[in-house]
Colleague: 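Take a look at the following structure, please.
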Amino acid sequence: MINNSEWKSLSQLKMDGGGVSKAVAVVACAAMALFYVAILYAPTLILRLPPPPSFKNFMIRRFICAAISSVVSVVVSALLLPMKSREASSLLGVYGIRMDHIWQAVIFPLTLTALMYGGSLVLKSLLLMSALREHMNFGGGLSFNNIKSFSKEIVACSRSIASDVLVWRTYVVAPLTEELVFRACMLPLLLCGGFQKSTVIFLCPIFFSLAHLNHLKDVYSKQNYNLTKAFLAIGLQLGYTVVFGSYASFLFIQTGHFLAPLVAHAFCNFMGLPVLVSRGKGIVSVASVAGIVGFLWLLFPMTRPELYNNRTDNCVCWQGYCSGN
């Protein structure tokens, strides 16, 4: 991976006119965002392939399109970035794909993200305990047969979830491809283009949110073709994606690890919008407030670059941000 001395050479290359300009970086990011969405419709609109025979085949076709888009974005960003070395280890380091500090890149961001869902987690726990009590009461209380039956239901449910193509889309394919394109590929380009980190954290999510505009047609139909309600729903969704995109960009820049925004993305997809209040359950509101306070308190301490890198004066972060460059 590229160390700080190489980053200084890279910076000098940019000043000599051999780097990426701000205009090129923005255009490249916009093109990657557009391509990520457009390729999803390529099989039917461009290649004129027949409609897939089933919803599962339709989703698998989209998985392939998303994978192709991700590979193309990786190649394009690798060609544009003014790197002195094109070795695999250097390229992987650019995208934050590393084998070191894996548990830190998973546990710390996951814990931090979970704090934002304090109310949601408490509510889910209450509903789960309520369902478990009803199951026990209906089956005659706590017994070996009831526990065995409940365990079988959990196993059957897990198998059903594992074979559900929507589960794979929501928790695997979407987080993996979106983080690869909108964080790992775009952030290095924008930073190399000369944008400040604070600017990049709020600029990159704009591309991320615009890529979700393809849901407008579906939202429009779900809102009974009410344009006002559809735009309100889309506005809420775009606002949420901008907020999450900024958070994911912050995680990537602070940690230099691809896994950090990836696990946060998958967890947020699983939880949905945070629950702040619940009628008749004041503990949910208390947990929400406590979680938000905890999140703000631990945001910077739990994302300190030195937690994810061995040395801050010669770190594995490609742009040398561990040392403040």
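Owing to the predicted nature of the structure, the values given are computational and were not obtained by experimental measurement. Scope of the values below: all heavy atoms of this structure, side chains included, with no hydrogens, waters or symmetry mates.
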Colleague: When rounded to the nearest 0.5 angstrom, what is the spacing between NZ in Lys22 and CG in Leu203?
Modeller: 10.5 Å
Colleague: Please report the interatomic distance CG(Leu81) to CG(Leu189), rounded to the nearest 0.5 Å.
Modeller: 4.5 Å
Colleague: Any idea which heavy atoms bring Pro43 and Arg61 closest together, and the distance?
Modeller: CB-CD, 3.5 Å
Colleague: How are the rings of Phe208 and His265 set relative to one another: parallel (under 30°), tilted (30 to 60°) or perpendicular (over 60°)?
Modeller: perpendicular
Colleague: Quick one, Tyr308 with Asp100, criterion side chain to side chain contact (heavy atoms under 4.5 Å, CB included). Give me CA distance, side-chain angles, the key distance, then yes/no.
Modeller: CA-CA 8 Å; Tyr308 306 88; Asp100 61 287; over 6 Å; no
Colleague: Between atom CG of Leu191 and atom CE of Met186, what is the distance when rounded to the nearest 0.5 Å?
Modeller: 13.5 Å
Colleague: Which salt bridge (Lys or Arg N to Asp or Glu O under 4.0 Å) pairs, counting each pair once, include a residue from residues 182-192, with sequence neighbours left out?
Modeller: Glu179-Arg183
Colleague: Go through the steps to decide whether Ser54 and Asn57 satisfy the test side chain to side chain contact (heavy atoms under 4.5 Å, CB included), and finish with yes or no.
Modeller: CA-CA 5 Å; Ser54 65; Asn57 290 339; 3.3 Å; yes
Colleague: Which atoms form the tightest heavy-atom contact between Val165 and Phe55, and what is the distance?
Modeller: CG1-CE2, 3.9 Å
Colleague: Could you tell me which non-hydrogen atom of Tyr95 sits nearest to which non-hydrogen atom of Ala184, and how far apart they are?
Modeller: CD2-O, 3.2 Å
Colleague: With sequence neighbours left out, write down each residue that passes ring pair (Phe, Tyr, Trp, His ring centres under 6.0 Å) with Phe195, or none if nothing qualifies.
Modeller: none
Colleague: Ring pair (Phe, Tyr, Trp, His ring centres under 6.0 Å) for Phe244 and Phe250? Distances and angles first, verdict last.
Modeller: CA-CA 10 Å; Phe244 171 77; Phe250 174 82; over 10 Å; no
Colleague: Examine Val242 and Met271 and state if one hydrophobic cluster contains both, with Ile, Leu, Val, Met, Phe, Trp and Tyr joined whenever side-chain heavy atoms are less than 4.5 Å apart.
Modeller: no
Colleague: According to a hydrophobic-cluster definition based on side-chain heavy atoms being under 4.5 Å apart (Ile, Leu, Val, Met, Phe, Trp, Tyr only), do Leu126 and Val286 belong together?
Modeller: no
Colleague: Can you tell me how far the NZ atom of Lys56 sits from the CZ atom of Phe58, to the nearest 0.5 Å?
Modeller: 15.5 Å
Colleague: Kindly give the heavy-atom pair with the smallest separation between Ser246 and Pro205, and that separation in Å.
Modeller: N-CG, 3.2 Å
Colleague: For residues 63-76, which side-chain N or O atoms pair as donor and acceptor with protein atoms under 3.5 Å away, sequence neighbours left out?
Modeller:
from  : atom 1 : to    : atom 2 : distance (Å)
Ser70 : OG     : Ala66 : O      : 2.9
Ser73 : OG     : Ser69 : O      : 3.0

Colleague: Suppose we screen for side chain to side chain donor-acceptor pair (under 3.5 Å). Which residues come up paired with Asp164, at least two apart in sequence or across chains?
Modeller: none
Colleague: Could you walk me through whether Val284 and Val277 pass the side chain to side chain contact (heavy atoms under 4.5 Å, CB included) check?
Modeller: CA-CA 6 Å; Val284 172; Val277 294; over 6 Å; no
Colleague: Measure from the side-chain N and O atoms of Thr170 to the backbone N and O of Val167, and report whether any donor-acceptor pair falls under 3.5 Å.
Modeller: no
Colleague: Shared ILVMFWY cluster between Leu307 and Leu259, side chains joined below 4.5 angstrom?
Modeller: yes
Colleague: Under the 4.5 Å side-chain heavy-atom rule for ILVMFWY, direct or indirect, which residues accompany Val293?
Modeller: Val289
Colleague: Could you check whether Lys197 makes a cation-pi contact with Phe252, meaning its NZ or CZ is under 6.0 Å from the centre of the six-membered ring and within 45° of the ring axis?
Modeller: no
Colleague: Check for me whether the distance between the ring centres of Phe182 and Tyr36 falls short of 6.0 Å.
Modeller: yes
Colleague: Show me the donor-acceptor pairs within less than 3.5 Å that the side chains of residues 105-121 make with the rest of the protein, sequence neighbours left out.
Modeller:
from   : atom 1 : to     : atom 2 : distance (Å)
Thr111 : OG1    : Ile107 : O      : 2.8
Thr113 : OG1    : Pro109 : O      : 2.6
Thr113 : OG1    : Tyr247 : OH     : 2.8
Tyr117 : OH     : Tyr240 : OH     : 2.9
Tyr117 : OH     : Gly272 : O      : 2.9
Ser120 : OG     : Val275 : N      : 2.7

Colleague: If Ile, Leu, Val, Met, Phe, Trp and Tyr residues are connected whenever their side-chain heavy atoms lie under 4.5 Å apart, and connections chain through other members, are Ile102 and Leu262 in the same group?
Modeller: yes
Colleague: Distance-only, no hydrogens or angles: does the His257 side chain make a donor-acceptor pair with backbone N or O of Met99 under 3.5 Å?
Modeller: no
Colleague: Do the non-hydrogen side-chain atoms of Pro175 and Asn269 ever get within less than 4.5 Å of each other?
Modeller: yes
Colleague: With Phe258 as reference, evaluate Leu92, Leu251, Val263, Leu180 under the side-chain contact (heavy atoms from CB on, under 4.5 Å) test and give the passing residue.
Modeller: Leu180
Colleague: Would you indicate whether the side-chain heavy atoms of Ile253 and Leu187 approach each other to under 4.5 Å?
Modeller: yes
Colleague: Looking only at atom types and distance, does a side-chain atom of Ser288 sit under 3.5 Å from a main-chain N or O of Leu276, one as donor and one as acceptor?
Modeller: yes
Colleague: Does the side chain of Cys29 come within less than 4.5 Å of Leu190's, by heavy atoms?
Modeller: yes
Colleague: Please confirm whether the backbone N or O of Arg304 pairs with a side-chain atom of Gln254, one donor and one acceptor, at under 3.5 Å?
Modeller: no
Colleague: More than 12 foreign heavy atoms under 6.0 Å from CG of Leu298: is that the case here?
Modeller: yes
Colleague: Same hydrophobic cluster for Tyr41 and Leu34, using side-chain heavy-atom links shorter than 4.5 Å among ILVMFWY?
Modeller: no
